[in-house]
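Let me begin by presenting the structure, written as C-alpha cells, before commenting on it.
All heavy atoms count here, side chains included; hydrogens, waters and symmetry mates do not.
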Amino acid sequence: MRSHPPFEDNSGAAMESRASTRPGKVLALCAGLLLTVSACGPTAGQLQERDSSASAAPSATGRGAAEPSRTAHPTQPPAPVPATTAPPTRVGVTGSQAGMPQPVQDACQWLLRRDPEPASGAEAGACVSAAMAAGGGGIQTLRTDTSWLPAGTYSVRFASGPDFAMTLQDTDTDLSITIREGQRVLHKENQDISADRDGTAEEAYAAILADAAELTVRPEKVAALLAPAEEVAVRYGAVLDGEPCTQISGSFDTGDLDTGDLDTGDLDTGDAQQRGNETGPPDGSSAVLPAGSFSLCLDDFYRPLKIEITGLNQGITSTITAVNAQWGTRPLS
C-alpha cells in the first residue's frame, strides 16, 4: 500500500491566503470604477481648472448685459403730444353757428369765412333772404319819413317762412295791411280794399302800399333790394345797441325807372314792376325805391336786426328804418 504523508491541517493557511488576496481584488475593482467614471465625466482636477478659468473670464450673460450700455443710443426725451386742434369752424359773429340751418350756411359762405372783400349784391341778397326764410318770422317796428307808405310808425307782425304772411298796423291812424294766403287787403277809414295792380285806382294804390309794407319783411323783396348793388361791403364785429352784429351796406340804382312825375294814386305798379325787372331787382322792389343805399345789421344767423334804406321816392329823399325782434316766434301762427 502507498503510504500517505501524515495529514496536515492547512485550513488556517488557506484562509489567510484568501484573506490576503481579497483586498487586492477590491482595489482592482475600485480602480476599474474610477477609470469608468473618468471616462464618463471630468475629474476633480478638471472641474477645479474649469472653475478657475470661468472666474477669470467674464460670463457670456454679463457680456451680453454690458453690451447695450456701450452701443445703445442716448435716451431721447419723449416727443411732446401734439395738441388736439379741431378743424376751423365756419362761425358767425359770436363764434357760434350751432343751430344754423344748412341752406343759410350754403348761401352765406362769404360771411362764414369772414371774407373781408365785398360781395356782390346778388350774393348778399341770397344770404339774407335764406336767413330770413329760415328765421320763421318775428315782430318789426317800421318807421318812415317819406315813402310809398304814409310817414309814420308801424307795428308789423310777420311770418317769413315757410309761407309768408304779415299784418301792418299804423300806430296813429286807422290804416292796416293784411297779407295772408296770397290775399292782400288794405284797411283804411273803415274800408277794406283788395290790392290789385290791374284793378281800380284804389286797388292799385292798395297794391303799392302792400308792396311797400313787404319791402323789409318778405325775404325775396329784401333780396331784390340788395341785388342791384355792384358790391356789398361787410363789417364784422359792428355793435348795435351794445350787441355785436355783422353790418353789410351798399347802394343801388335801377336806372330805368323814374317815378318822380307819377301820381301814386294812378300808378300801374304792374308796369312799374315789369320795367324795374328789366334792369334791376325782381319782385318790384324797384317800384318802391328805384335808387338809394342800404345798411343792414345781421344777427348770429344773418337775420336782419335793423334795416336802414335811404332813397328817392318821386324825387324826394325817403328814409325807411325797420327794427326786427323776436325772430323765430312766428307771431302769426
Side-chain angles (χ1 to χ4, degrees), residues 99-108 122-142 144 148-149 154-170 175-188 192-199 203-227 269-270 272-274 276-277 281-289 294 296 298-307 309 320 322-333:
M100 180 178 287
Q102 190 61 45
V104 182
Q105 296 189 43
D106 294 340
C108 299
E123 187 174 13
C127 170
V128 176
S129 175
M132 292 181 66
I139 297 174
Q140 181 179 99
T141 300
L142 179 65
T144 176
W148 292 107
L149 284 173
Y154 300 86
S155 176
V156 184
R157 294 176 176 270
F158 65 97
S160 54
D163 298 319
F164 178 78
M166 68 169 290
T167 61
L168 177 146
Q169 177 67 56
D170 191 326
L175 185 150
S176 65
I177 297 173
T178 302
I179 301 174
R180 189 184 290 269
E181 297 179 353
Q183 300 296 317
R184 308 196 303 172
V185 177
L186 168 66
H187 179 84
K188 184 179 181 182
D192 290 337
I193 305 170
S194 294
D196 185 356
R197 295 185 179 93
D198 299 323
E203 291 172 340
Y205 180 61
I208 294 172
L209 294 184
D211 287 343
E214 294 177 346
L215 179 60
T216 55
V217 290
R218 192 170 192 128
E220 54 267 33
K221 289 292 182 70
V222 176
L225 175 70
L226 275 57
T269 56
Q273 178 180 346
Q274 180 61 37
N277 288 346
D283 295 329
S285 67
S286 61
V288 178
L289 289 174
F294 58 81
L296 285 74
L298 311 177
D299 68 6
D300 291 350
F301 302 114
Y302 307 136
R303 303 167 300 196
L305 295 173
K306 186 177 183 179
I307 302 174
I309 307 168
I320 300 173
V323 177
N324 295 323
Q326 301 182 30
W327 275 104
T329 56
R330 301 179 184 274
L332 296 180
S333 299

Determine the minimum heavy-atom distance between [X] and [Y], stating which atoms define it.
{"X": "L149", "Y": "L168", "answer": "CD1-CD1, 4.1 Å"}
{"X": "A223", "Y": "G125", "answer": "CB-O, 3.5 Å"}
{"X": "V217", "Y": "F158", "answer": "CG1-CD2, 3.7 Å"}
{"X": "S194", "Y": "A206", "answer": "O-CB, 4.1 Å"}
{"X": "V104", "Y": "Y302", "answer": "CG1-CD1, 4.3 Å"}
{"X": "A130", "Y": "P103", "answer": "CB-O, 4.2 Å"}

Rounded to the nearest 0.5 Å, how far does [atom2] of [Y] lie from [atom1] of [X]?
{"X": "K306", "Y": "T141", "atom1": "NZ", "atom2": "OG1", "value": "11.5 Å"}
{"X": "L186", "Y": "D196", "atom1": "CG", "atom2": "CG", "value": "13.0 Å"}
{"X": "D192", "Y": "S176", "atom1": "CG", "atom2": "OG", "value": "7.5 Å"}

Check whether any side-chain heavy atom of [X] lies under 4.5 Å from a side-chain heavy atom of [Y], and answer yes or no.
{"X": "I320", "Y": "I307", "result": "no"}
{"X": "I193", "Y": "Y205", "result": "no"}
{"X": "I309", "Y": "T216", "result": "yes"}
{"X": "H187", "Y": "T178", "result": "no"}
{"X": "R184", "Y": "E214", "result": "yes"}
{"X": "K221", "Y": "D211", "result": "yes"}
{"X": "F294", "Y": "L226", "result": "yes"}

Flag, side chain of W327 to backbone of P304, donor-acceptor distance under 3.5 Å: yes
Okay, side chain of Q105, backbone of M100: is any donor-acceptor separation there less than 3.5 Å? yes
Just wondering, more than 12 heavy atoms not from R157 lying within 6.0 Å of its CZ? no
